[in-house]
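Proteins get letters first, then strands, A, B, ... in listed order; numbering begins at 1 in each.
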Amino acid sequence: MLSRLKFVPMRLLQAVPVAFGVTLVVFFMVHLIPGNPAESILGAQATPAKVAALTDQMGLNQPVVQQYWHFLSNLAHGNLGESYTYQVPVLTLVWQRAPVTLLLVAYSVVLMLIISIPLSMLAASRPGHVRDHAVRVIPLVGLGMPQFWVGVMLLLVFAVGTGWFPVGGYGDTMMDHLWYLFLPALTLAISISPVIIRSLRASMLNVLESDYVATARSKGAGGRSLFAGHVLRNAIIPAVSIVGVNLGYLVGGTLVIEKVFAIPGLGSMLIESIFARDFPSVQAVALFVAVFVVLVGVLTDVVYTLLDPRVDLTQRMNA
Amino acid sequence: MTTFSLTHRFRPSRREARPAARRLRPWYQNRSLVAGLVIVCIMVLLAVLAPVLAPYNPIKQNLNEALQGPSGAHWLGTDKLGRDVLSRLLYGARVDLRIGFLAVIIPFVVGTILGAIAGYFGGWLDIIIMRIVDVFYAFPLFLLVIALVFVLGPGESSIYLAIALVSWVSYCKIVRGEVIVARQQEYVQAARLGGLNNARVLGRHIGPNVISQAITYAMSDIVMDIMVIVTLGYLGLGITPPTAEWGSMIADAQEFITTLWWMAVVPGVAVVITGLGLSLIGDGLTDLLSPERRK
C-alpha cells in the first residue's frame with residue numbers, strides 16, 4: 001500500500017498530463033472548424049483583407065506545433081487572447097463570471113445533500129420495503145428529465161405560478177444571490193440527486209452489513225441513533241468521492257441552467273460567445289471549467305483518503 | 001481417436017455459468033424489460049407513424065391561428081407561428097429518437113474496441129488510452145458537446161460527431177474493467193495457452209462475456225444522447241429551425257409560459273417517458289445479462 005504522504009504529490013502529478021491534454025483539446029478546437037477558421041469566425045461578409053489579418057493574428061500560417069507552443073506560452077503568462085466582442089482580455093471576463101457559477105455549483109451541492117441524504121436513509125433503512133421501492137423509482141424518472149426542462153418546470157410553478165421566487169437574474173447582495181439562485185440550484189440538485197441517492201443507498205447498505213454496525217446493534221443501538229451515529233458517518237465518506245466524480249456533470253448542467261434563469265455566469269458567457277462567434281471566449285470558458293474539474297477531482301481524492309484511513313491508495317492511483 | 005482441437009472454443013458451458021435464476025426466468029417474464037420495451041416501442045411507433053397520425057403539417061405556419069389554447073381542431077393548441085403543437089410533438093419524436101438511437105453506435109463500437117485493447121494488452125497502450133480517456137472526462141459533457149457543435153457548425157452530422165467524440169470514453173472505461181477481470185479467468189487462460197492469437201481470444205472468448213455491460217450501459221447512453229440533443233435544441237445550437245424538435249419547442253414555449261404553459265410541459269414529458277422506457281430496458285437487461293450485479 002502506498003503511504004499517505006506519497007499519495008498526495010503522486011495524485012497531483014497524475015493530474016499534470018491530464019491538464020496538458022486539456023490544453024491540447026482546447027487548442028485543437030480551432031482546427032476542427034471546417035475550412036479556414038478565420039473566415040468562419042468572421043462570417044461570410046468579411047473582406048479578404050480582414051480574413052488575412054485574423055489568420056495572421058491567430059497565427060494560422062505557422063506550423064501547428066509552433067502554434068501550440070505559442071498557445072502554451074501565452075497561457076503560462078495568463079494570456080488567453082482578447083474577446084472579439086468586448087475587446088478586453090478573456091481572462092478578465094472569466095474572472096468576472098466565475099464566482100457566479102461557482103456559487104451556483106456550491107449551492108446546488110448543499111441542496112443536493114439535503115435532498116439525497118434523508119431519501120437514501122429512508123430507502124436503506126428498510127431494503128425491499130415499499131418506501132425503498134418508491135425511492136428507487138426516482139432515478140428511473142429523474143435521469144430521463146432534461147435539466148433545463150426541470151428548470152422551466154420549477155420556474156413555471158414557483159416563480160410564475162406562486163410568485164415565491166424571481167423568474168431570473170442574480171440580484172445584488174449575498175442574500176439576494178441566495179434567493180435568486182435558489183431555483184437554479186434546486187434544479188441542478190434535483191437532476192443530480194438520482195445518481196447520488198443510488199450510490200448513497202448502496203454504500204449505506206454496505207455499512208449496515210458491517211461488523212461494527214452489528215456490534216452497535218448488539219449494544220442496543222437501533223433506529224435513529226444507529227443511523228446517525230454509525231451508518232451515516234461512514235456512508236458519507238464514499239459520498240465525497242461520488243460528488244467529486246459527478247462534479248463535471250454538475251458544472252456542465254450549470255452552464256445550461258444559467259440560460260434558463262438568465263444568470264450572468266460562465267454558461268451565459270459561453271452561449272453568448274458562441275452566438276457572437278467569439279472564439280477566444282469559448283476557449284477560455286472551456287479551459288477554465290475543465291481545469292477546475294480536474295483540480296476538484298484531485299481535491300476530492302485527497303479529502304477522501306484523509307477522511308477514511310481504510311482507503312486502498314494503490315487502487316485509487318490506478319482507478 | 002478424435003484429436004483434441006486447439007481451436008476449440010474454451011467457454012464455460014452455458015448451463016454451468018448461469019445461476020439458477022437466469023435459467024428459470026425467460027426474458028418476457030422480466031417486468032422491467034417488458035414494460036420498457038412496450039414504452040419504447042410505442043414511442044418509436046408514434047415517431048414512425050407521425051406522417052399518418054399528425055393532423056397538420058408540423059412546419060406550416062398559420063399566423064391567423066397563432067397561440068391558441070387546446071381545442072377540437074388543435075388538441076394541444078398552436079405555437080407563436082400558428083403551427084399545431086401536437087403535430088410538432090409527433091414529428092419531433094422522429095428527430096430526437098433517430099439521432100438518439102443512431103448517435104450511440106459509433107461511441108459504442110469505438111469505445112468497446114479501445115477499452116478491450118487497453119484492458120487486454122495493458123502496458124503502454126493501456127496508459128496512453130486511459131490518459132486520453134482522463135482528458136475527455138475532465139470536460140463536462142455539455143461543455144464539450146456545445147463547444148464541438150459550435151466549431152463543427154450546425155447540422156445533424158456535427159451532433160453525431162460531437163457525441164461520438166465525447167461519449168466513447170464511458171464504453172472504454174467499462175469494457176476495459178471487464179476485460180481486465182475476464183483476462184484472469186480460466187477459460188481465457190486456457191484459450192491463450194491453447195495457442196489462439198490475441199484477436200481470436202478477444203473476439204470469440206472475452207468479447208461475448210464482457211459485451212453485456214456495454215449493452216446495458218448503451219441504454220442509459222441513449223437517454224443521455226437524447227438529453228444532449230434536446231439541450232442543444234433548447235440552446236438554439238441543435239437542429240436548425242423550422243424542423244420540429246422537442247428541445248427547441250420548449251425554448252420557444254418558455255416565452256409564453258405564463259399563459260400557454262402546457263407547450264413547455266408536454267415535450268419534456270415526452271422526453272421523460274422515453275427516458276423511463278430506456279432506463280427500464282437497461283434495468284431489465286442488467287437482471288437478465290448479469291444477475292450477479294443486482295443489488
For the candidates [options], which exhibits the highest count of non-hydrogen atom pairs separated by less than 4.5 Å from chain B?
options                                   : result
Gly161(A), Ser273(A), Gly248(A)           : Gly248(A)
Ile274(A), Val26(A), Leu24(A)             : Ile274(A)
Gly297(A), Gly21(A), Pro146(A), Gly267(A) : Pro146(A)

Spacing of [X] atom [atom1] and [Y] atom [atom2] [to the nearest 0.5 Å]:
X         : Y         : atom1 : atom2 : result
Phe142(B) : Leu270(A) : CZ    : CG    : 12.5 Å
Leu141(B) : Tyr249(A) : CG    : OH    : 8.5 Å
Met29(A)  : Phe150(B) : CE    : CZ    : 10.0 Å
Gln147(A) : Tyr234(B) : CD    : OH    : 12.0 Å

For a quick test of reading the model, state the closest non-hydrogen atom pair linking [X] to [Y] and the distance between them.
X         : Y         : value
Phe275(A) : Leu237(B) : CZ-CD2, 3.9 Å
Val135(B) : Val18(A)  : CG2-O, 3.7 Å
Pro17(A)  : Arg131(B) : CG-CD, 4.3 Å
Val294(A) : Ala138(B) : CG2-CB, 3.4 Å

**Study point:** Atom CZ of Arg198(A) with >12 non-hydrogen neighbours under 6.0 angstrom
**Key:** no
Of the backbone (N, CA, C, O) and the side chain (C-beta and beyond), which part of [X] lies under 4.5 Å from a heavy atom of chain B, both, or neither?
X         : answer
Val160(A) : side chain
Leu255(A) : side chain
Leu247(A) : neither
Val282(A) : side chain

Practice item. Identify the residue among Val256(A), Leu250(A), Val251(A) that makes a side-chain contact (heavy atoms from CB on, under 4.5 Å) with Pro140(B). Key: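 Only match with Pro140(B) under side-chain contact (heavy atoms from CB on, under 4.5 Å): Val251(A).
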Taking [options] one by one, which has the highest count of heavy-atom pairs under 4.5 Å against chain A?
options                                    : answer
Val223(B), Ile257(B), Leu148(B)            : Ile257(B)
Ile250(B), Ile132(B), Leu280(B), Asp283(B) : Ile250(B)
Phe139(B), Trp246(B), Trp261(B), Phe136(B) : Phe139(B)
Thr274(B), Val265(B), Val230(B)            : Val265(B)

Considering only heavy atoms, which portion of [X] lies under 4.5 Å from any heavy atom of chain A: side chain, backbone, both, or neither?
X         : answer
Leu144(B) : side chain
Val145(B) : neither
Met224(B) : side chain
Ile146(B) : both

**Study point:** N/O donor-acceptor pair under 3.5 Å between Gln254(B) side chain and Val260(A) backbone
**Key:**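 Here the side-chain-to-backbone pair exists.
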Review point. Quick one: does Trp149(A)'s side chain have a donor or acceptor within less than 3.5 Å of a partner on Val272(B)'s backbone?
Key: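 No: the side chain of Trp149(A) does not pair with the backbone of Val272(B).
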**Study point:** Side chain proximity check, Met145(A) to Val271(B), heavy atoms < 4.5 angstrom
**Key:**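 No; the side chains remain at least 4.5 Å from each other.
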